[in-house]
Amino acid sequence: MTGKEFGVAVLGAGRIGMLHAENLMAAVPGLTLKVVADPVPEAVGTARERLDVKGEEDWRVAVQDPDVDAVIICSPTEQHAEQIREAAAAGKHIFCEKPIDRDLASIDELLEYVEEQGVKFQTGFNRRFDRNFAALRKRTVEGEVGDLWILKITSRDPELPPPSYLQVSGGLFFDMAIHDFDMARFLADDEIREVTACGSALVSEGTKEAGDIDTALTTVRFENEVLAQIDNCRQTTYGYDQRVEILGRDGMLMADNERLDTVTFADSSGFHRQTLPHFFLERYRNSYARELEQFRDALEGAPVAVSGFDGRQAVLAAVAADRSLRERRTVALEEVEQDLKDGTMARRGDE
Ligand SMILES: NC(=O)c1ccc[n+]([C@@H]2O[C@H](COP(=O)([O-])OP(=O)(O)OC[C@H]3O[C@@H](n4cnc5c(N)ncnc54)[C@H](O)[C@@H]3O)[C@@H](O)[C@H]2O)c1
């Protein structure tokens with residue numbers, strides 16, 4: 001660490017914005033939370049009260065604040081593009097929650113502009129910093145299982161989001177599986193070549209009415225022919241299920257779920273263990289603090305740990321998965337890239 005303090009604005013004081021703001025207050029030396037912005041007065045009030053920090057209802061005022069060197073974008077996804085552009089124009093470094101946007105052409109324009117402006121950009125794929133998945137990646141790239149053959153990612157939420165969220169989430173592939181596309185790329189250390197997605201609305205009628213799915217199996221083939229299977233569901237009876245398995249020529253690596261504690265109670269009815277952390281805020285708490293430390297390091301001159309390109313490639317996979325689901329066929333990412341080049345892809349708002 002250089003000892004320099006960077007002033008930070010958090011844009012959006014919802015679930016993830018408040019978590020990042022609290023982490024900044026408590027656990028990330030080198031980053032100082034200067035202001036929290038949210039258009040909802042109650043959200044600003046809560047942030048002021050809980051964090052004893054300046055609150056703004058107009059996010060533009062926070063971006064322009066001379067004490068702010070960097071922004072952490074935690075607003076709803078459809079707000080990200082405008083905020084990235086404005087922050088980059090003001091010369092502010094950017095940490096942006098996933099997905100960067102749902103429109104690939106827009107992401108490409110934004111990342112080019114960010115580059116031109118010379119500001120740092122990190123994508124919020126926090127799971128890379130989870131201790132289990134970070135260890136899996138390290139041991140995999142060190143060659144412990146030899147040549148990779150199969151990755152299996154299980155990523156199931158404990159409960160459906162509220163119907164209002166389903167309307168704006170952009171769908172399971174963009175909102176939920178996006179983390180898993182990134183995890184697959186991270187663990188395989190390779191680019192995805194093609195995607196075959198299968199999905200259903202089994203958990204609730206509401207999902208179907210929203211035109212979405214709540215259960216999906218997605219098969220991924222990487223450029224190097226390695227295969228990955230991603231298993232997503234929006235509901236379980238037993239908590240937030242987050243596991244990964246990696247099969248290779250020399251063995252298997254497996255990261256199991258975290259438990260609330262490791263105590264086992266045994267009686268005549270069996271062996272009983274603690275349940276799983278309820279959801280992402282509990283399960284991934286440490287990884288959110290670590291990704292901000294990485295952002296601090298990037299501001300101090302280190303390479304960005306999760307780049308805009310990483311954010312883009314996960315969205316590319318989500319676009320292919322969405323197309324695969326709708327057209328019931330395998331979709332090569334190259335096909336989506338070609339449509340993007342030809343300008344034949346629907347842009348945000350076209351549909
Ligand atoms: N990395 C992760 O694990 C993770 C987890 C949850 C959400 N997210 C992402 O974070 C973003 C926010 O999700 P959330 O669950 O916190 O949503 P949320 O609905 O809980 O919070 C969003 C907040 O942004 C505010 N807001 C609306 N328009 C705004 C604007 N123009 N400027 C600033 N604030 C604005 C809303 O009033 C609300 O308080 C989404 O992009 C989502 O995909 C990432």
Side-chain angles (χ1 to χ4, degrees), residues 9-23 35-48 50-51 55-65 68 71-87 94-103 106-107 122-130 133 155 157-183 186 234 240 242 277-292 294-295 305-306 310-311 314-315 318 348:
V10 169
L11 311 184
R15 295 182 303 177
I16 202 74
M18 282 303 284
L19 178 75
H20 284 314
E22 281 165 4
N23 278 339
V35 54
V36 172
D38 196 296
V40 177
E42 293 74 34
V44 174
T46 306
R48 271 203 203 107
R50 282 204 352 222
L51 306 164
E56 282 292 348
E57 286 169 33
D58 182 349
W59 62 268
R60 288 191 168 81
V61 175
V63 170
Q64 299 300 335
D65 189 323
V68 166
V71 296
I72 309 235
I73 299 178
C74 305
S75 54
T77 302
E78 60 274 13
Q79 307 292 327
H80 292 180
E82 194 182 4
Q83 296 183 334
I84 291 168
R85 184 161 282 280
E86 186 128 343
I94 299 162
F95 174 101
C96 183
E97 266 306 337
K98 49 57 60 174
I100 299 176
D101 195 74
R102 289 188 281 270
D103 182 330
S106 158
I107 294 177
Q122 183 171 325
T123 308
F125 283 132
N126 57 295
R127 294 184 192 178
R128 290 184 179 217
F129 308 104
D130 173 72
F133 302 144
S155 179
D157 286 354
E159 64 199 13
L160 282 165
S164 58
Y165 184 80
L166 278 179
Q167 302 292 341
V168 299
S169 77
L172 182 142
F173 294 122
F174 291 89
D175 176 55
M176 181 179 177
I178 193 98
H179 276 293
D180 307 305
F181 295 132
D182 181 64
M183 184 53 59
F186 176 61
R234 289 262 197 202
Y240 190 41
Q242 302 284 295
H278 177 63
F279 211 168
F280 61 93
L281 294 177
E282 297 84 15
R283 167 67 180 79
Y284 287 118
R285 180 159 283 277
N286 292 332
S287 70
Y288 292 114
R290 274 188 219 121
E291 69 178 346
L292 291 185
Q294 297 287 325
F295 185 52
V306 191
D310 291 321
V315 174
R348 184 165 13 94

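This one's a predicted model, so the numbers in the text were calculated from it and none came from an experiment. Order of listing sets the numbers, starting from 1, for every ligand and every atom in it.
In this structure, the side chain to side chain donor-acceptor pair (under 3.5 Å) partners of D182, at least two apart in sequence or on a different chain, are R128. Take R60 and apply the salt bridge (Lys or Arg N to Asp or Glu O under 4.0 Å) test, not counting sequence neighbours, and it matches E82, E86.
Taking CZ of F129 as the reference point, atom CD of Q294 lies at 4.5 Å (rounded to 0.5 Å). Between the OG1 atom in T77 and the NZ atom in K98 there is a gap of 6.0 Å [rounded to 0.5 Å].
Using a 4.0 Å heavy-atom criterion, the residues that approach ligand 1 are L11, G12, A13, G14, R15, I16, A37, D38, P39, V40, W59, C74, S75, P76, T77, Q79, H80, Q83, E97, K98, P99, G124, N126, H179, F280, Y288.
Applying the side chain to side chain donor-acceptor pair (under 3.5 Å) test to every pair with at least one member in residues 161-171, sequence neighbours left out, gives these pairs: Y165-D175.
Aromatic rings from H179 and F280 are positioned such that their centres are separated by 6.0 Å or more.
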